[in-house]
Amino acid sequence: MRPLVVQKYGGTSVGSIERIQEVARRVARTASEGNRVIAVVSAMSGETDRLLGLARGLSPRPTARESDVVVASGEQVSAALLSIALHERGVKACSFLGHQIRIHTDDAHGRARITAIDGDRLCGFLDGGDGVAVVAGFQGVNPAGDITTLGRGGSDTTAVAVAAATSADVCEIYTDVDGVYTTDPRICPSARKLERISYDEMLELASLGAKVLQIRSVEFAKRYGVRVHVRTSFAEDEGTWVVPEESTMEDVLVSGVAYDRDQAKITLTRVPDRPGLAARLFSPIAQQGIVVDMIIQNVGLDGSTDLTFTVPRADTDKALEIASEVSREVGAGAARSEGDITKVSVVGLGMRNHAGVAAQVFETLGREGINIQMISTSEIKVSVVIDAKYTELAVRVLHDKLVGDGGATT
Ligand code: ADP
Ligand code: ASP
Ligand code: MG
């Protein structure tokens, strides 16, 4: 059986007609080398934001169902364009939308989870000799037959899930950087490219905001053992392999720094200090499908508490509405939200066995005069919320102190 390669091309990689021709060249070459090829594509760069903007131009809160129909069109266009570009090169190809290859998802419009993919259908197409399958990323179909989308960055997940469903030999993620780095190379010049990164560390980096891979794609890769190779579509260089954990990695105390600008902070003051109040606030928030990340509660001397928590920025209005209602009901102060924050995290499996990283994080930020608004730690990460305007500075100083040349000391 010929090897099966899944190649995912992100927004910048298909960002113009010339770039799409370049992608077609690479796909054609991979096929001519004797591989079966599935190309998964994102919308052209900027297109998803443009489409969301069109919908919001008509309504501050368009329904999730119609939003998905609008934004999914971006990937439809690039899939067909790549297919046309392949035909021009004399390569047989056919584009497929999510519902055509039965990428089944749940009902959660805007952040749907893939529940099943009909891998046999894709394999049947490839084995039938009809050329390259070009799949629109980011989209699926729910049990009612409606179009859903998988959340920002979701084409990564389409690619890895398709690779898992078809037992592909490799899933190549082509993007605008040449691999996974110790932190975002676009804001930290001393970031180092990693030859390999373990599934667990990649999961942690992705969950903390490193958008080079969507977190769900890494979950799929780990669960199904998909070999993922993150690399650039602008050159031929080898990128970064995402691999099962290897013990050597534990020798490094801190393996990376990640940041997340897509969070907002909601604060309630003067909340009566009574049993059940946290449930009263967070149950309706959970029912709305809003994922709360950090929570801080402080009991004041007067018997009331202040409560601060973070939510994805896109959910700020909904979360604030719920918080305001609960505030009114229980006689607390007015709830308020703040969007100008960034969560910065240092991550490393090696931190399991060492103390002292948190202290070094606080000292390093303190020396730069960066105020820490919230803190959370686990055995392999330390996260802080800071003012968004210090994002680049914080990432650079933390990286240089804890990861760069020699890294952290204990
Ligand atoms: P694509 O459109 O190809 O999916 P994304 O913009 O979603 O590309 O992801 C690639 C971007 O991820 C890079 O341009 C880089 O700025 C950012 N990034 C954040 N953290 C990292 C990291 N640790 N390593 C590499 N890239 C990172
Ligand atoms: N086009 C979608 C986005 O911008 C999905 C993706 O690119 O992965 O988030
Ligand atoms: Mg992406």
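Just so it is clear, the structure is predicted and the values come from calculations on it, not from any experiment. Just so you know, ligand 1 is whichever comes first in the structure, and atom 1 is the first atom listed for that ligand. Any value given below was found using the heavy atoms of this structure, including those in side chains, with hydrogens, waters and symmetry copies removed. Numbers for residues simply follow the sequence, beginning at 1.
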Asks: For atom 4 (O) of ligand 2, which protein heavy atom lies nearest, and how many Å away is it?
Replies: Arg152 NH2, 2.9 Å

Asks: Provide the number and element of each atom of ligand 1 under 4.0 Å from a heavy atom of Val180.
Replies: 24 (N)

Asks: Non-hydrogen atoms of Pro185 versus ligand 1: any pair closer than 4.0 Å?
Replies: yes

Asks: Which heavy atom of the protein is the closest neighbour of atom 25 (C) of ligand 1, given with residue, atom name and distance?
Replies: Gly179 O, 3.4 Å

Asks: Students should be able to answer this: which protein heavy-atom is nearest to atom 27 (C) of ligand 1, and at what distance?
Replies: Val212 CB, 3.8 Å

Asks: For residues Thr105 and Thr148, is any side-chain donor paired with an opposing acceptor at under 3.5 Å?
Replies: yes

Asks: Where's the contact between Ile187 and ligand 1, heavy-atom distance under 4.0 Å: side chain, backbone, both or neither?
Replies: neither

Asks: What is the closest protein heavy atom to atom 5 (P) of ligand 1, and at what distance does it sit?
Replies: Lys211 O, 4.2 Å

Asks: Would one find an N or O of Lys8, backbone or side chain, under 3.5 Å from an N or O of ligand 1?
Replies: yes

Asks: For Asp176 and ligand 1, does the shortest N/O to N/O distance drop below 3.5 Å?
Replies: yes

Asks: Tell me: protein heavy atom nearest atom 7 (O) of ligand 2, and distance?
Replies: Ser42 OG, 3.0 Å

Asks: Identify, by atom number and element, the atoms of ligand 1 in contact range of Ala210, meaning under 4.0 Å from any of its heavy atoms.
Replies: 20 (N)

Asks: Of the listed options (Tyr181, Tyr259, Tyr9), which comes nearest to atom 23 (N) of ligand 1 when hydrogens are ignored and any heavy atom counts?
Replies: Tyr181

Asks: Can you classify the ring geometry of Phe282 versus Phe309 as parallel (below 30°), tilted (30 to 60°) or perpendicular (above 60°)?
Replies: perpendicular

Asks: Using a strict cut-off of 4.0 Å, indicate which atoms of ligand 1 neighbour a heavy atom of Thr183.
Replies: 22 (C), 23 (N)

Asks: Distance alone, cut at 3.5 Å: any donor-acceptor contact between the side chains of Ser67 and His109?
Replies: no

Asks: Could you say whether the N/O atoms of Gly151 and ligand 2 ever approach to under 3.5 Å?
Replies: no

Asks: Quick one: does Ser45 get a heavy atom under 4.0 Å from ligand 1?
Replies: no

Asks: Report the C-alpha distance between Asp237 and Lys193 in whole Å, list the side-chain angles of each, state the deciding distance to 0.1 Å, and finish with yes or no for salt bridge (Lys or Arg N to Asp or Glu O under 4.0 Å).
Replies: CA-CA 12 Å; Asp237 308 338; Lys193 186 174 134 190; 5.8 Å; no

Asks: Is it true that the side chains of Thr149 and Asp68 contain a donor and an acceptor less than 3.5 Å apart?
Replies: yes

Asks: Compute both the distance and the angle, then confirm whether Arg102 meets the cation-pi test with Phe96: under 6.0 Å from the six-membered ring centre, within 45 degrees of the axis.
Replies: no

Asks: Could you check whether any side-chain N or O of Arg313 sits under 3.5 Å from a backbone N or O of Gly339, counting only pairs where one atom can act as donor and the other as acceptor?
Replies: yes

Asks: With the threshold set at under 4.0 angstrom, would you say Gly74 reaches ligand 2 through any of its heavy atoms?
Replies: no

Asks: Checking a contact table here: which protein heavy atom is nearest atom 3 (O) of ligand 1, and how many Å away?
Replies: Thr175 OG1, 2.6 Å

Asks: What atoms of ligand 1 come closer than 4.0 angstrom to any heavy atom of Val177?
Replies: 13 (C), 14 (O), 25 (C), 26 (N)

Asks: Looking at Gly98, is its backbone amide N or carbonyl O close enough to the side chain of Gln139 to form a donor-acceptor pair, meaning the two atoms are under 3.5 Å apart?
Replies: yes

Asks: Pair Glu236, Arg26 - check salt bridge (Lys or Arg N to Asp or Glu O under 4.0 Å), show working.
Replies: CA-CA 10 Å; Glu236 298 302 326; Arg26 191 182 288 267; 3.5 Å; yes

Asks: To check your reading of the model: name the closest protein heavy atom to atom 16 (O) of ligand 1, its residue, and the distance in Å.
Replies: Asp184 OD1, 2.8 Å

Asks: Can you tell me if Glu329 has over 12 outside heavy atoms packed within less than 6.0 Å of its CD?
Replies: yes

Asks: May I ask whether Leu205 has any heavy atom positioned less than 4.0 angstrom from an atom of ligand 1?
Replies: no

Asks: State whether Asp49 and Arg56 are salt-bridged, where the test is any N-O pair (Lys NZ or Arg NE/NH1/NH2 against Asp/Glu carboxylate O) under 4.0 Å.
Replies: no

Asks: For Gly153, counting its heavy atoms only, list the atoms of ligand 2 lying under 4.0 Å from any of them.
Replies: 3 (C), 5 (C), 6 (C), 8 (O), 9 (O)

Asks: Between Asp387 and Lys389, is there a salt bridge with N-O shorter than 4.0 Å?
Replies: yes

Asks: Quick one: do the Ser95 and Ser83 side chains pair a donor with an acceptor below 3.5 Å?
Replies: no

Asks: How does Glu75 reach ligand 2, if at all, at less than 4.0 Å between non-hydrogen atoms: by side chain, backbone, both, or neither?
Replies: side chain

Asks: Checking a contact table here: which protein heavy atom is nearest atom 2 (O) of ligand 1, and how many Å away?
Replies: Gly11 N, 3.1 Å

Asks: Between Glu238 and Arg196, does any side-chain N to carboxylate O distance fall below 4.0 Å?
Replies: no

